[in-house]
Structures are given as C-alpha cells and as structure tokens.
Amino acid sequence: MANTKLTGLARQLIHEKILDEATVINACQCACDDKISLTTYLTQKRLVDDHTLARINAEMFGMPLFNIDALDFSQTPKDIIPESMLRKHNAFPLFKRGKTLFIAVSDPTNEEAVEAFRFNTGLNTEAILVPVTTLALGMEKLLDSSEDALSDLNDDMDSFDIEEIVEEKKEAIDFKGDDDAPVVRFVNKMLLSAIKKGASDIHFEPYEKSYRVRFRIDGILQAFAKPPVTLSLKISSRLKIMSSMDISERRKPQDGRIKLKLSKIKAIDFRVNTLPTLWGEKVVLRILDASVATIGIDSLGYEPDQKEIFLKALHRPQGMILVTGPTGSGKTVSLYSGLNILNSVERNISTAEDPVEINLEGINQVNINAKHGLDFSEALRNFLRQDPDVIMVGEVRDLETANIAIKAAQTGHMVLSTLHTNSAAETLTRLHNMGIPLFHIATSVTLIIAQRLARRLCSCKQKLDIPLATLLEEGFTSTQLKDIDIYTHNEEGCDKCNHGYKGRVGIYEVVSITPTIQSMIMSDGNSMQIAAQADKEGFNNLRKSGLLKVLQGITTLEEINRVTQL
C-alpha cells in the first residue's frame, strides 16, 4: 500500500516518523477488522504515546487540546449526565458556557458521544480532546466524587438483602438502577458503618459548598464522610424513599422509619426525620436497637442503693415514676428496662409513644398520631377504659396529659413517663408550674430519676495525677480519696475503643418521694429546698453519682464535668 493512499492520522504518523508505513497499514487493517477507530487501536496496543496521539489528532481535526490538571472537578456539571452514559461513551462534561456543554473525549471521531450528550441535556455540545490516559484519570476523579470516595464502599454490602431495608412499598422502588447505584451503596454503607461503630444517630447535612455526614458515637458527634454537595438531593431522596416519605415534598419536615434486617433474627430500626434548611434537606436518623431494652437494669449504671429504690417503686401497686433528662440521655432505655421487669402474663401494660421506638412483645404499644386526633391525653383516656395495670406515657407535654396521668396514678395504676428537666427537684416544680395542684403532686409521684450518659473508659485507660486540693474543689471528700486512683482516657486509644472510650454508662439521681419531701411539696417548697432535703436524706444528686463513677474507674473527671454541673 502506497503512502499516498493513507490520509489523516495515519499519514501524519508516517510523516513525523513516529511509525513506519507497514506498521500503520497493519494498524489500519486491524482497527477496521475490530470495528474500532485507529486512535483506539493505537492506544490499546500502545503503539503511540497518548499525548503525542492527542496532539496529532488535535492538529488534524482542528480540535482544542485540554489540560485536565487545571480542572476543578467540584465545579464540573457531572450530575446532568447519568453515570452509565459517561462510561458507555467514554466521555464526560468539562464545563458549561451558556447553552453550550463542552465534553472531554480522547477520540476525535467519537461523534456518538457528542450526539448522545446533546440529546440527553438539550444543550449544544462540543468535544474537546484530551489524552486517553488523562481522560481515564479524569473519569476516575469525577466518579470518585460520586462513588468510590463516598466512603470506601466494600464487599460487606453483600451481607444483607438491600430490599429488606425498606419496610413498605418495596415493589415500587428500583434499587439496582445504574444511575443511582453509587448513592444507594453510599447510603447503605453509612447505615451499616453507624451500626458497627455503635452510633446512636446519623446526621446528613447539606451546606452551601459542602456536604457532611456525622455520627453521634458515645454522645459526641463526629464527622465521618464528606460526599460531594451535588449529591445532596440524591442522598435525601434515597433516604426518603427508604423511609416511605413523599420525595416530592421538600418544604415541610417529614417523619418515617427504616427497618434494616441484618440477619434472620437481628433487625435494626431507624427513626428518620427530614428538616428543610437553607441549602437543602437535613436528614437525621435515630438508631433504635431493640436489644438495648433487654440488657437489664444491672448494665445501666445504677448504684446498688439506687437500683433497690427503683425496683421497690416499680413493684408498688400504684404511683408515678418520672424519668427526666435532656434528649439522648437514655430516658427511653430506663423506661423500657422498667417495663421489661414488669412485663408478665398477670399485668396489662399499655404505652403511648411518639413514636414507638422499640417494639416489645407482650406490651400494648400505641403510636401517637396527632393528625388523626390521637394525642397523649386521648390515648390515656382510652387506656383507662381497658383495665390497665401499668401505663407508660412517652412524655408529659401539657396540662391535660399530666392531669390524666396523675389521676391514673391515684386510682390504682402504675404510671411511667418522662419530662425534660435538669434535676429531680426541678421536675416537681415543673409539674406545679404546668398547673398541677401541689396535693396531687405530693400524693401521686413516688419516684423521680434524673439521668445523664457519660462515656465509659476503655481498658486502655491511664492513671492521672491530680493535686488533692483540686479534687476536693471538684466535690470529692477527703475520705473518698484515700488509696484511690483517678483515671483518664488514652488519646490514641486501642483497637477496641474510640480515643480511649468505649460505650456509655448512666449517671443517675434517684429520689424517692419521702414523707418529709411530700410535706415540702405541700408547703410549696422551691427546687433548691427540695434538693437540699433529698441530699440530707442520702439521695445522691447527679454530680455526686458522677464522682462515684470516677472513683470506680468507670469514667473520667473530664467527662463528669461535661455532663453534670459543678
């Protein structure tokens, strides 16, 4: 074959003495047989350096040559083209100028990519040449931000059935769509990782120029992943689909649930809430592990005398037990632990919760639905018509609910509930401020438990030398400090813990309403007077209970200072 019969790229390769004529002719014939372009064949066989090939093609086809090293991948309009199309046509969008989309290609004859991108986006599309290896690296970087770098996705995603995650509407959801597969795997990975790390909450948070995922582990929020902000809508939509929410509604908060089956006998529930923010929907998942309700009162951290007081109050035929503390302080676990102790064939137990967090066999649980008129007070009224022995109210939020609960406790029922206050004494004054008469408070409330959760030290803990004067200022007594070691956490930690901490332990203030305290309530004593009387009668407040945990080597003084008041 004569040189004059070769045109374009083939002739230029011979002209620049990059390849000899025989090699070029053979390459052209093989490319034709394989039904691929000459550029693709030369690249696959590594006959020509890809940068040289890109330069020649740019000159021969009159196309611009682009340096991808100067490209900011966070600004590329990658979401306007499905990932499957990027891979199929081996091209990706570089930038958009007005109504024109510029795409990166390594083969100047790749007209199919230009037409496909133009049809898919409705934009004028122009191709820009890049060397083939540079294109491959650029493609990896681009997909990295929406797939691989999302969170080190790995093979453990096969340990459960993806379809079992969604509790309802399974048939309406395509879990295996190519375009959204990275997001699906990312969300699944976040759920599994949170469970493995013992997190209590997962926060998906969009901002103007960033997106982050945080886990609350042992009560402390920690940043875990930073997916591209461009995936904000896809991530929130995926979570809403899994929670059976309305994905078209983005202006109002929504609530939902996800049920994740880890095995035939192990399942984890997630309580999901969305909140419209300035830059998109923030989604928070509360992890509800039913096994925590059955761990037993001995594992919660009660001191022996506190446990005895709690059990004695539980087995009274009537009265009210109130558990108080901030959100996330373990109130629900304390209530469920009490219910598990009372749960027997002889007792009729009903609960009103918003929402029901943990399903318990043998207990009649009612999910509050205010939209349909089923609030706490309405549920309580109906409970009393069904011959209950034990009633649990998720939270006393208003005067009507408080009145019904108080009356139930006075008429032969055991009532358990929660309030959001800081201490046992403040709980009593809070009830009075809500409008409950002092007489009813004094005669119905039998026990108040104020609680916090502190991080528990790992076995890799280290001894800490603190001056005696400092320890006395912190609240320890000189008697307590005899032959006692104070520990701190190991910052580096070990393979069993998280920076020296592993799990959490409850710090409790357990106050029984004694005749003396009843008299103070009746005489309208304030919270400080009641707290002083409780201390006088030997009921440790949160601070003293926390210091005991420090002396026992269970937690650190730093941690107790974080969760209790000096």
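Just so you know, these numbers use all the heavy atoms, side chains as well, and skip hydrogens, waters and symmetry mates.
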**Asked** How far apart are the C-alpha atoms of Ile217 and His499, what are their side-chain angles, what is the distance that settles it, and do they pass the side-chain contact (heavy atoms from CB on, under 4.5 Å) test?
**Response** CA-CA 11 Å; Ile217 302 174; His499 300 293; over 6 Å; no
Note to self: Pair Lys502, Arg456 - check side-chain contact (heavy atoms from CB on, under 4.5 Å), show working.
What the structure shows: CA-CA 6 Å; Lys502 183 181 180 181; Arg456 187 189 294 267; 5.9 Å; no
Over 12 foreign heavy atoms within 6.0 Å of CD, Glu112:
no
Answer yes or no: does atom CG of Leu65 have more than 12 heavy-atom neighbours from other residues, nucleotides or ligands under 6.0 Å?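 Result for CG/Leu65: enclosed.
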Contacts of type side-chain hydrogen bond (donor to acceptor under 3.5 Å, both in side chains), residue [X], not counting sequence neighbours:
{"X": "Asp375", "value": "Ser377"}
{"X": "Arg452", "value": "none"}
{"X": "Asn498", "value": "none"}
{"X": "Asp354", "value": "Arg397"}

Worksheet entry | N-O pairing of Arg55 and Glu59 below 4.0 Å | yes
Check your understanding: Thinking salt bridges, do Arg455 and Glu559 make one under a 4.0 Å N-O criterion?
Key -> yes
Counting only N and O atoms by type, is there a donor-acceptor contact under 3.5 Å from the side chain of [X] to the main-chain atoms of [Y]?
{"X": "Thr324", "Y": "Leu419", "answer": "yes"}
{"X": "Ser329", "Y": "Pro326", "answer": "yes"}
{"X": "Asn364", "Y": "Ile349", "answer": "yes"}
{"X": "Asn273", "Y": "Val284", "answer": "no"}

*For the residue pair Phe102 and Phe95, does the interplanar ring angle fall in the parallel (under 30°), tilted (30 to 60°) or perpendicular (over 60°) class?*
tilted
Exercise. Identify, with sequence neighbours excluded, every residue that meets side-chain contact (heavy atoms from CB on, under 4.5 Å) alongside Val213.
Key: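 Here the qualifying residues are Phe186, Met190, Ile202, Phe204, Tyr211, Phe215, Ala225, Pro227.
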What side-chain donor-acceptor pairs closer than 3.5 Å can you find for residues 124-132, not counting sequence neighbours?
residue: Thr125; atom: OG1; partner: Arg118; partner atom: N; Å: 3.4
residue: Thr125; atom: OG1; partner: Leu123; partner atom: O; Å: 3.2

d(Asn340 CG, Ile363 CD1) to nearest 0.5 Å is 6.0 Å
Taken to the nearest 0.5 Å, the spacing of Asp201 CG from Arg271 CZ works out to 8.5 Å
Please lay out, stage by stage, how Asp398 and Phe376 fare under the test side-chain contact (heavy atoms from CB on, under 4.5 Å).
CA-CA 9 Å; Asp398 51 59; Phe376 282 115; 5.8 Å; no
Practice item. Walk me through it: do Leu191 and Met242 pass the test side-chain contact (heavy atoms from CB on, under 4.5 Å)? Key: CA-CA 12 Å; Leu191 301 189; Met242 295 171 72; 3.8 Å; yes
